[in-house]
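The structure appears below as structure tokens.
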Amino acid sequence: MMTNKKVGKIDRFIWIGILVVAGILCFLYYWNSEDGEVIQVRVNGTVQAEYSLKEDGTYEIKGTDGGKNLLEIKDGKARIREADCPDKLCVKQGKIHKVGDSLICLPHKVVVEVIRKEKKAPEDLDAVAK
């Protein structure tokens, strides 16, 4: 009978430890992640558009089966302001601005992701080391 009591205390200790570690990892991820520059919009896996987070604007995204989402970029953050999908989970996801953050509308197969715009031209390099 005493073993059950000890297992209960040990279980609580383990769960508290897991929650503390998870909280620390979430804090470190958020602290170390950088602000993005560009929003990339994909529909059904195909890149449809890219928008700068530095320019405010509202853009209509046409998803699969004629579905529509309204993407809003304001003050360096992006969100899906409106959607005609049944559950509207994409609208409830909030604003994104960190590299790797994303908004997903499953019914319309739309993925909006913050990406880092990389330098493409070799003339942007200062030097080459061998």
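This is a predicted model, so every value here is computed, not measured. For this chain, numbers begin at 1 and follow the sequence in order. Below, all heavy atoms of this structure are taken into account, side chains as well, without hydrogens, waters or symmetry copies.
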#### Entry: For I73 against E55, the heavy-atom pair lying closest together
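Of all heavy-atom pairs spanning I73 and E55, the closest is CG2-O, 3.5 Å.
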### Query
How close do L71 and A78 get, heavy atom to heavy atom, and via which atoms?
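That closest heavy-atom pairing would be CD1-CB, 4.2 Å.
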With heavy-atom distances below 4.5 Å as the criterion, would you say the side chains of [X] and [Y] are in contact?
| X | Y | result |
| --- | --- | --- |
| D35 | L53 | no |
| V38 | V114 | no |
| D87 | P107 | yes |
| I61 | V112 | yes |

### Task
Step through the shown structure and confirm whether more than 12 heavy atoms of other residues, nucleotides or ligands are within 6.0 Å of NZ on K62.
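Counting other residues, nucleotides and ligands, NZ of K62 stays at 12 neighbours or fewer.
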[Y] backbone acceptor or donor facing [X] side chain under 3.5 Å:
| X | Y | result |
| --- | --- | --- |
| D84 | K68 | yes |
| D56 | D75 | yes |
| E50 | V41 | no |

Holding to side chain to side chain contact (heavy atoms under 4.5 Å, CB included), I want the full list of residues that pass it with [X], two or more places apart in sequence or in another chain.
| X | answer |
| --- | --- |
| V21 | L25 |
| L70 | T58, E60, R81, E82 |
| L19 | none |
| E113 | R42, S102, I115 |

#### Entry: Worked check of side chain to side chain contact (heavy atoms under 4.5 Å, CB included) between I96 and I39
CA-CA 9 Å; I96 59 173; I39 292 292; 4.3 Å; yes
### Query
Just checking, is any N or O donor in the side chain of H108 or N69 under 3.5 Å from an acceptor N or O on the other one?
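Note: H108 and N69 side chains meet the donor-acceptor criterion.
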### Spatial distance of atom CZ (R116) from atom CD (Q40) [nearest 0.5 Å]
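Interatomic distance, R116 CZ to Q40 CD, rounded to 0.5 Å: 13.0 Å.
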### Message
Are L103 and L106 connected into the same hydrophobic cluster when the rule is that any two of I, L, V, M, F, W, Y join if their side-chain heavy atoms are below 4.5 Å apart?
### Response
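Hydrophobic grouping puts L106 apart from L103.
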### Task
With sequence neighbours excluded, give me every ring-ring contact (aromatic ring centres under 6.0 Å, His included) pair touching residues 41-82.
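The answer is Y51-Y59.
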### Task
Name all pairs fulfilling the ring-ring contact (aromatic ring centres under 6.0 Å, His included) condition that reach into residues 77-100, sequence neighbours left out, sorted by first residue then second.
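Every pair satisfying ring-ring contact (aromatic ring centres under 6.0 Å, His included) with a residue in residues 77-100: there are none.
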